[in-house]
Amino acid sequence: MNTQKSNPRRLLVTSALPYANGPIHIGHLVEYIQTDIWVRYQKLIGNRCVYVCADDTHGTAIMIRARKEGRTEEELIAQMSQSHQADFAGFDIKFDNYGSTHSDENRQLCHQIWASMRQAGLIAERPVAQLYDPEAKTFLADRFVRGTCPNCGRADQPGDNCGACGATYSPIDLIDPKSTLSGATPIVKEALHLFVELEKLHDFLAQWIESGNALQAETANYLKGQFLAKDLRDWDVSRPAPYFGFEIPDAPGNYWYVWFDAPIGYIASTLQWCNANGEKLADWWQSDECEVHHFIGKDITYFHTLFWPGMLKTAGFSLPTKVHIHGFLNVGGEKMSKSTGTLVAAETYLKHADPSFLRYFYATKLTARIEDLDLGPEEFVDKINSDLIGKVVNLASRVGKFASGTGLSETYPDDGGLFANAAAAGDEISQAYETGDYSRAMRRIMELADAANPYVEHARPWDLKKDPDKIDQLRDVCTVALNLFRQLSIYLAPVLPRLADQCGELLGDPIVDWQQSQSPLLGTPVNAFKRMMDRVQIEDLHKMIEDSRVEAAETPSTPAPVWNDSDQPLKAEPLAAEISIDDFAKVDLRIARIIAAEHVPEANKLLKLTLSLGGDERRQVFAGIKAAYQPEALVGRLVVMVANLAPRKMRFGLSEGMVTAAGPGGVEVFLLGVDEGGQPGQRVH
RNA sequence: GGCGGAGUAGCUCAGUUGGUUAGAGCACCGGCUUCAUAAGCCGGGUGUCACCGGUUCAAGUCCGGUCUCCGCUACCA
């Protein structure tokens with residue numbers, strides 16, 4: 001591995017563009033920290049490296065949110081961009097340029113790339129039927145529609161698939177669809193859409209994926225099996241007005257889908273940087289001399305490995321040299337969630353812990369593979385306290401006070417080969433950074449730190465200090481310990497830039513080059529030692545999670561549907577006369593599980609249900625819900641029943657209770673459900 | 001169901017092309033030390049290397065099969 005940069009590489013590096021619809025959280029940070037470490041490493045070894053990013057600002061979600069908050073999209077995205085950049089800065093993530101997809105540069109590049117694609121004959125047009133909200137006056141993406149599943153009859157399901165039976169469908173197939181924006185019933189409306197005929201690039205993409213080393217083998221394999229094995233589908237890249245984005249120049253009234261202009265934002269952000277620094281875009285995006293590296297999460301693999309290369313190829317830009325794909329973050333072994341508070345906002349983290357800790361922790365977890373990583377609070381605390389505090393910082397701390405009196409020796413003393421050994425490990429550590437195997441790099445560095453502390457122990461500087469005749473020996477011990485510390489700080493500099501700065505300050509020699517790790521610093525004074533890091537407590541993390549949970553509870557968890565419920569239901573059935581608590585107590589409501597449900601052939605409204613109250617307790621109940629529910633879809637569900645209602649003999653049999661439901665009747669009947677955890681037989685109080 | 005990954009000490013993991021008695025860190029126990037941020041040093045491991053079978057002088061490592069866990073995917077971009 002050549003760390004002597006007589007011939008530096010030119011690198012253009014990106015992280016995925018964060019969407020301007022929410023704050024940065026610790027899950028996002030995996031990627032930005034991963035990228036920032038790589039960039040800092042490249043700069044440290046002397047490569048020419050430019051790191052660009054931008055806010056991803058377009059799309060329906062932004063439009064809806066701005067509308068809801070009563071401000072313009074531009075105001076919303078400006079504020080978001082500011083907040084994102086503050087979050088990144090708080091974690092020492094340092095971009096060379098941070099732009100926006102809503103920029104002149106991006107518009108210009110979108111036009112250019114689009115023209116190339118038109119010219120290449122890749123664009124087709126055809127009508128698409130989509131649900132349209134006549135009140136909000138907008139077409140509805142799948143997630144803005146809810147309705148009854150056409151397969152199982154379960155009410156209030158998302159627009160693309162059923163949460164109950166798992167069926168997938170088009171929102172157009174939903175029974176009784178409702179817009180989550182206005183509550184209105186959407187209508188089906190046709191609009192012209194523009195498509196990229198990706199299949200025309202099939203051979204090129206297959207060859208690119210196969211041949212290069214731009215992708216990990218597992219990703220190439222995934223793409224081959226999942227997409228390239230059959231014809232590539234046309235990619236719908238337009239959205240009809242209204243849409244917050246760029247209008248397509250040769251298709252008035254249509255806008256580019258956010259995923260068209262988002263990756264172009266990489267180039268646009270680079271262009272901004274070029275303009276500000278007197279550079280030429282072509283040197284970075286149209287030159288074989290420049291490598292392009294994308295860091296992304298596994299969820300957006302296919303945008304970056306199919307569409308994006310296709311766009312770049314068609315428009316004559318460089319293809320990605322490498323797409324670095326990482327997995328998701330879990331917390332405590334589980335998916336992050338707002339309700340448990342594990343989805344911690346960057347801002348919230350910073351109130352409770354040092355950003356360097358998260359950077360280091362992620363570094364110990366990251367490899368070149370697409371694996372999810374887990375943040376366990378105990379493991380986090382252990383790693384930080386024993387590695388960073390106990391091994392690395394402590395090394396400086398235990399001789400710092402002596403050293404400011406002695407300074408560093410003129411020649412490097414005998415240290416039993418510690419420095420030379422650690423210097424020799426530089427290439428291996430360097431290689432681990434280069435390949436994205438930070439976990440390996442951290443492990444090697446900690447091995448070096450492990451070897452350094454016994455040296456101090458055996459040299460006993462505290463004894464040497466007591467004897468004025470042994471000042472030279474004391475200086476030598478300090479020289480060794482601080483040089484070993486400095487070596488560690490250099491190796492850790494990509495991960496812990498603050499520690500590198502502190503080390504540079506202590507020794508009066510800034511860390512700016514990986515090569516500094518190869519020779520000791522000698523004959524210089526040592527500044528007064530300043531505390532470098534504080535231990536982290538498990539309570540800090542618990543508080544962080546608790547804060548996060550409270551925040552989530554205060555703000556609506558979903559992108560806030562508009563609650564403009566009609567007053568009709570209440571008018572149709574006014575409130576009943578007041579009753580006492582005792583009156584209410586007479587009604588024994590119980591949770592029951594539907595263990596069987598069948599049609600009653602002679603009845604036109606009834607279903608015959610068998611309810612379980614747990615154990616062997618069974619009730620047969622006839623319920624007038626036939627028009628609203630398929631029997632098969634009911635089996636297994638928990639419902640609320642009136643359990644002490646006098647049995648009533650009906651034409652079809654005895655009904656031993658009543659299942660509670662709301663709604664005017666007919667198809668409009670809605671069974672009362674029970675939240676997770678409720679058990680048959682429990683009383684409703 | 002398909003594709004991919006993983007299973008090694010209580011926990012997190014390392015184990016290069018098969019080669020001594022399978023390792024590290026943390027945790028835990030004992031001793032020492034006191035420069036340092038209740039930091040440090042020394043010592044302490046009976047682990048069916050998930051299971052079964054095979055190849056081999058030799059298998060954590062190679063081959064076949066089984067089980068478990070995870071991720072992606074299931075005609076959606």
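Residue A:Trp259 is classed as having no contact, given no heavy-atom separation below 4.0 Å to the nucleic acid. Base contact: A:Asn394 has a heavy atom under 4.0 Å from a base atom. Nucleic acid contact class of A:Glu371 (heavy atoms, under 4.0 Å, all strands): sugar-phosphate only. Among the heavy atoms of the strands lying under 4.0 Å from A:Gly390 are primed sugar atoms or P, OP1, OP2 only; no base atom is included. Counting any heavy atom pair closer than 4.0 Å across all strands shown, A:Lys465 reaches no nucleic acid atom. If you check every strand for non-hydrogen atoms under 4.0 Å, A:Lys391 touches sugar and phosphate atoms only. Among the heavy atoms of the strands lying under 4.0 Å from A:Asp450 are primed sugar atoms or P, OP1, OP2 only; no base atom is included.
Picking from B:C41, B:A36, B:G4 the nucleotide with the shortest atom distance to the side chain of A:Arg398 gives B:A36. Side-chain proximity of A:Phe307 to the nucleotides B:A77, B:A14, B:U37 is greatest for B:A77. With B:C42, B:U73, B:C35 as the choices, the nucleotide that has an atom nearest any side-chain atom of A:Gln226 turns out to be B:U73. If you check B:G71, B:A77, B:C35 against the side chain of A:Phe227, the one that comes closest is B:A77. Out of B:U37, B:C26, B:U12, the shortest distance to the side chain of A:Arg531 is found at B:U37.
A residue-by-residue look at A:Glu218 and A:Phe328 shows that A:Glu218 has its nearest nucleotide of RNA chain B further toward the 5' end. Comparing A:Ala452 and A:Asp236 against RNA chain B, the residue whose closest nucleotide sits nearer the 5' end is A:Ala452.
At least one side-chain nitrogen or oxygen of A:Arg369 sits closer than 4.0 Å to the OP1 or OP2 atom of B:A6. The side chain of A:Lys365 places no N or O atom within less than 4.0 Å of a non-bridging phosphate oxygen (OP1 or OP2) of B:U12. Residue A:Arg440 places at least one side-chain N or O closer than 4.0 Å to OP1 or OP2 of B:G15.
With ring centers used as reference points, A:Tyr266 lies under 6.0 Å from A:His304. If you look at A:Trp114 and A:Trp256, their ring centroids are closer than 6.0 Å.
Side-chain contact check for A:Phe307 versus A:Tyr302: some heavy-atom pair is nearer than 4.5 Å.
A salt bridge is absent between A:Lys298 and A:Glu218; no separation between the charged side-chain nitrogens and carboxylate oxygens falls under 4.0 Å.
With A:Tyr362 contributing its side chain and A:Leu375 its backbone, the two residues share no donor-acceptor pair below 3.5 Å.
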